[in-house]
Structure formats: structure tokens, C-alpha cells
Student: 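First the structure, then my questions, so here it is.
It should be emphasised that the depicted structure is a prediction, and the values quoted were computed from it without experimental measurement.
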2 protein chains.
Amino acid sequence: MADNNVLELNLGLGNNNNNNSNFFGGHAHAVQSPRQRCPAPFLIKTYDLLEEGESEESKQIVSWNAEGTSFVVWSPAEFSELTLPRYFKHNNFSSFIRQLNTYGFKKISSKRWEFKHEKFQRGCRSMLGEITRKKCEASVFPAYLKSSSEENATTSSTEENNQQLLMEENKNLKKERLELQMQIDECKALEMKLLACLSQFMDTHQSKVRRLC
Amino acid sequence: MADNNVLELNLGLGNNNNNNSNFFGGHAHAVQSPRQRCPAPFLIKTYDLLEEGESEESKQIVSWNAEGTSFVVWSPAEFSELTLPRYFKHNNFSSFIRQLNTYGFKKISSKRWEFKHEKFQRGCRSMLGEITRKKCEASVFPAYLKSSSEENATTSSTEENNQQLLMEENKNLKKERLELQMQIDECKALEMKLLACLSQFMDTHQSKVRRLC
DNA sequence: GGGAATATTCCC
DNA sequence: GGGAATATTCCC
């Protein structure tokens, strides 16, 4: 067990940095409070990759837009071949896009590979912590309760409403769990009785037959 | 959308093969019938890596045991540095171990890094399809509920944090409900069998006694 | 775009 | 060893 760690190599061979947690002294998955978290590795890497691209040549591959409110991948081919593997464990443009979608970025041009997220802007590294991964759950919230845009300021009434519904459902689920558990206990008790009955019956039968013979 | 594919590069740059699905013409996550599936990429790579190691030098790094019923990583350091990155997207021995555990391999020696799985044996590539990933069964309460005081959340995010915890707990409760329901179904089925058994036994007994009297 | 599977990481 | 988060892949 402890041996694993001894044997682990940190060669830092190349195309990625495995030491994200070192930088932020935190655990990527500690507690998921939506604000003020250390940003996800993906966001930091993407931000770094844009910051690094201050030379003219790299700007032809990927860069912020003029205002620094979105970014453009000018050359997806070079970006995939040269940039991605230096930051990630792959060179697939579509995997990069998948991550952008996961974190709520929007493609804002049909002509260019231009992506935007309210909290992802040049010079605002500290805002990255406010970008959260989309949850895959969603079944908890009825669709009609969801606000139309995720970027909206949270209307407190909706939120309270949601919370109340959640607590209600939660309470019911716990009650149901208790009932199910009791059902199981009953089932098991009955099972025992049946088995006892069967075994007793077999004994009786045996001796009765023996007596009769 | 379709453009993504056009723009994707398959450079085969180096440390990994992204084209598993090509070999098997199947989808890694198609239908999960327990038998006769195309094996998980991890299993194929690990098997390949052992098959490749027929030269004497690579046998000093990793090899099957004498009977071909388990395998040994003789040199974890070289294995991590040289072998792993040629098959996987990392060079961490512990990540490799994590995968072995996920697929149900057992460490069978305290002195060596020797691992065994009933369905993972030399010359039996076709058995790999019978090895399945372990399912992750979640406990109802998220781990982070156990530690009482977490990082100091701001008053505004406390509520959101709360909500997230609620959603998490909710999700887990639903999962547990399903499991309990299944337990009950099993219980009931067993009950039926026992009752049938009992009644049949009584019939037999009755007629036997009647005949004897 | 996003659902869902597998892979990798990090922690206990 | 395994839980759980993030990353990567593959498919619709």
C-alpha cells in the first residue's frame, strides 16, 4: 500500500502537468461549492495556453479576441498537433471542444472556432474559479423549474423554491427508504419462519412415517 | 458539428493508440452483456504488453509467471518509465494498479508485484471479453458530509453549497431505493419458492401418510 | 451539444 | 483497495 507511493515516478516526461494540486494546495474534488474554488485543471491550462500565446506566430494558431472576452482557434490543425499535446493528454480537437462544452463555453461564431464564457476573460485569471462543470444529473429538477439561461443571476425566489422541493423530495425518499428496509426485514423474518416451518414439518413427517411403518 | 470530424487529426504522434474501436469494430460502451463483449481497451493493452515482452530484456521488466496464470512486474520503475507510456496516456504505476483493481485483478504476492485474474491468462486472449469492470456502488451520504466543518464558505454560497449537497444526497437515495426494491423482489421470489416447496411437501406427505394408514 | 463509457488522478 | 472527481473517447 505505502509501497505504491515509493515506487511512483514523477518523471514529468512531457506533454502534461500532473501536479495541479500542488499549485493550489487543494484537492480538485474536495468540496464543490460553486464559487471561490481553485479552478479546474482544464480551465487553467486553457487560460495558460492563451497567455503563453503572446508571440506573433502563436497568435496565428490561437488567441484572445480583440477585447479579450472570447478566444479563437485560428488554425485547428496546428492547434491540435502542436498546442494540445503540450497541455493535455491528447491531440484531438474534438476532445478539447467536449471539455469546453462541459464547462459551459459557447461557440459564438459559425465562421470561426470562437468560444466564449462570461467568466473566462483575458486578465481575469481569478474569475476562473467561478466556472463550474455542468452536472450530468438534472433529473432532480423538473425542467420547467430551470431558468432559461445558466448565466443569469440567481433569482433568490426560484432558488429557494428549488431548495424547498429538494428538501421535500429528500424527506420523502428517506421515509420511503425506511419503509423499504422494514419490508425487507419482514420478508427476511417470514423467510426464517418458512424455513423453520419446513424443517419442523420434515422432522415430524419423518418420525410419523417411521412410526407408521 | 460534422466539421469537427473533418478537422480532427489522427497523427498517431506517439504514446498511445486512439484507434481501439477500429480493431474491434465495436463501441466500447455499446451494450453491457457480461459475456462475449469486445474486451476493454485496458485489458487488451495489458495483454498485448505481456505478449510483446517475449524478448529476454523485456521479460526482466514484466512477464507472465511460469504457468501463464498471472503476471509479474519485475521492475516497476522501468515498467512505469518505459512500458506504460507506450500503451497508456500516463507513466504512473499507481494508475495502472488502479485499473487492475477496477477490473478485479488481485495482488497475489506480498513480495512481488504479481497480479492475477481468473480470466486473464497467457494464450487466452478470447477470455478477456469476460472480464468486466467493477460497478461503483455509492453510499447514500457523500464522503464530504462526514467532516463537519469544511472550508469557510461565504454566506451566499452556503445556500448553493447546501443545495448541491441536497442534490447529491437525493441522487444517492434514489439509487439506494432501486437497490432496496431489487432486494425485495429477490426476497419475494424466494418466499414463493419456499411456499411452493412447503405445499408440495405437504401434499406428498399427506398422500404418503394416507397410503400408510 | 451532450450522454455515457472508459481512463487517469487524487485522496482515504 | 476503492470512492469519487476530472479527463478523454465515442457515439447520437
Student: Hey, do the aromatic rings of A:Tyr87 and A:Tyr47 have their centres closer than 6.0 Å?
Tutor: no

Student: Kindly compute the distance separating CD (A:Glu118) from CD (A:Glu130), expressed to the nearest 0.5 Å.
Tutor: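 It comes to 11.5 Å.
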
Student: Does A:Thr102 have any side chain to side chain donor-acceptor pair (under 3.5 Å) partners at least two apart in sequence or in another chain, and if so, which?
Tutor: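 Checked A:Thr102 against side chain to side chain donor-acceptor pair (under 3.5 Å); matches are A:Arg98.
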
Student: What is the distance, rounded to the nearest whole Å, between atom CG of B:Leu84 and atom P of C:dA7?
Tutor: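 That distance rounds to 14 Å.
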
Student: Measure from the side-chain heavy atoms of B:Lys107 and tell me the nearest of D:dG1, D:dA7, C:dG2.
Tutor: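 Nearest nucleotide to the side chain: D:dG1.
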
Student: What nucleic acid atoms does B:Tyr103 come within less than 4.0 Å of, heavy atoms only: base, sugar-phosphate, or nothing?
Tutor: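 Sugar-phosphate, no base atom in range.
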
Student: D:dT9 phosphate, OP1 or OP2: any side-chain N/O from A:Arg98 under 4.0 angstrom?
Tutor: no

Student: In a check of ring-ring contact (aromatic ring centres under 6.0 Å, His included) between B:Phe79 and each of B:Phe71, B:Trp74, B:Phe96, which one passes?
Tutor: B:Phe96

Student: Check this one for me: any side-chain N or O of B:Lys134 less than 4.0 Å away from OP1 or OP2 of D:dG2?
Tutor: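 Yes, B:Lys134 has a side-chain N/O under 4.0 Å of OP1/OP2 on D:dG2.
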
Student: Check this for me: does any side-chain nitrogen of one of A:Glu114 and A:Lys106 sit under 4.0 Å from a carboxylate oxygen of the other?
Tutor: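 Between A:Lys106 and A:Glu114 there is no salt bridge, as every charged N stays at least 4.0 Å from the carboxylate O atoms.
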
Student: OP1 or OP2 of C:dT6 versus the side-chain N and O atoms of B:Lys89: is any pair under 4.0 Å?
Tutor: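 No, B:Lys89 has no side-chain N/O under 4.0 Å of OP1/OP2 on C:dT6.
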
Student: Check the distance between C:dT6's P and B:Lys45's NZ and give it to me in whole angstrom.
Tutor: 13 Å

Student: Distance check needed: C:dT8 P versus B:Asn101 CG, whole Å only.
Tutor: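 Atom-to-atom, B:Asn101 to C:dT8, this comes out as 15 Å.
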
Student: Which whole-number value in Å describes the distance from B:Leu100 CG to C:dT6 C1'?
Tutor: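 The answer, rounded to whole Å, is 15 Å.
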
Student: What is the distance from CZ of A:Phe93 to P of C:dG1, rounded to the nearest Å?
Tutor: 12 Å

Student: Tell me whether the OP1 or OP2 atom of C:dT9 has a side-chain N or O from B:Asn92 closer than 4.0 Å.
Tutor: yes

Student: Between atom CZ in A:Arg133 and atom P in C:dG3, what is the gap in whole Å?
Tutor: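 Between P of C:dG3 and CZ of A:Arg133: 12 Å.
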
Student: Starting from P on C:dA5, measure out to CD on B:Gln99 and report it in whole angstrom.
Tutor: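 Taking CD of B:Gln99 and P of C:dA5, I get 16 Å after rounding.
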
Student: Measure from NE2 on A:His90 to C1' on D:dC10 and round the result to the nearest Å.
Tutor: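 Taking NE2 of A:His90 and C1' of D:dC10, I get 14 Å after rounding.
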
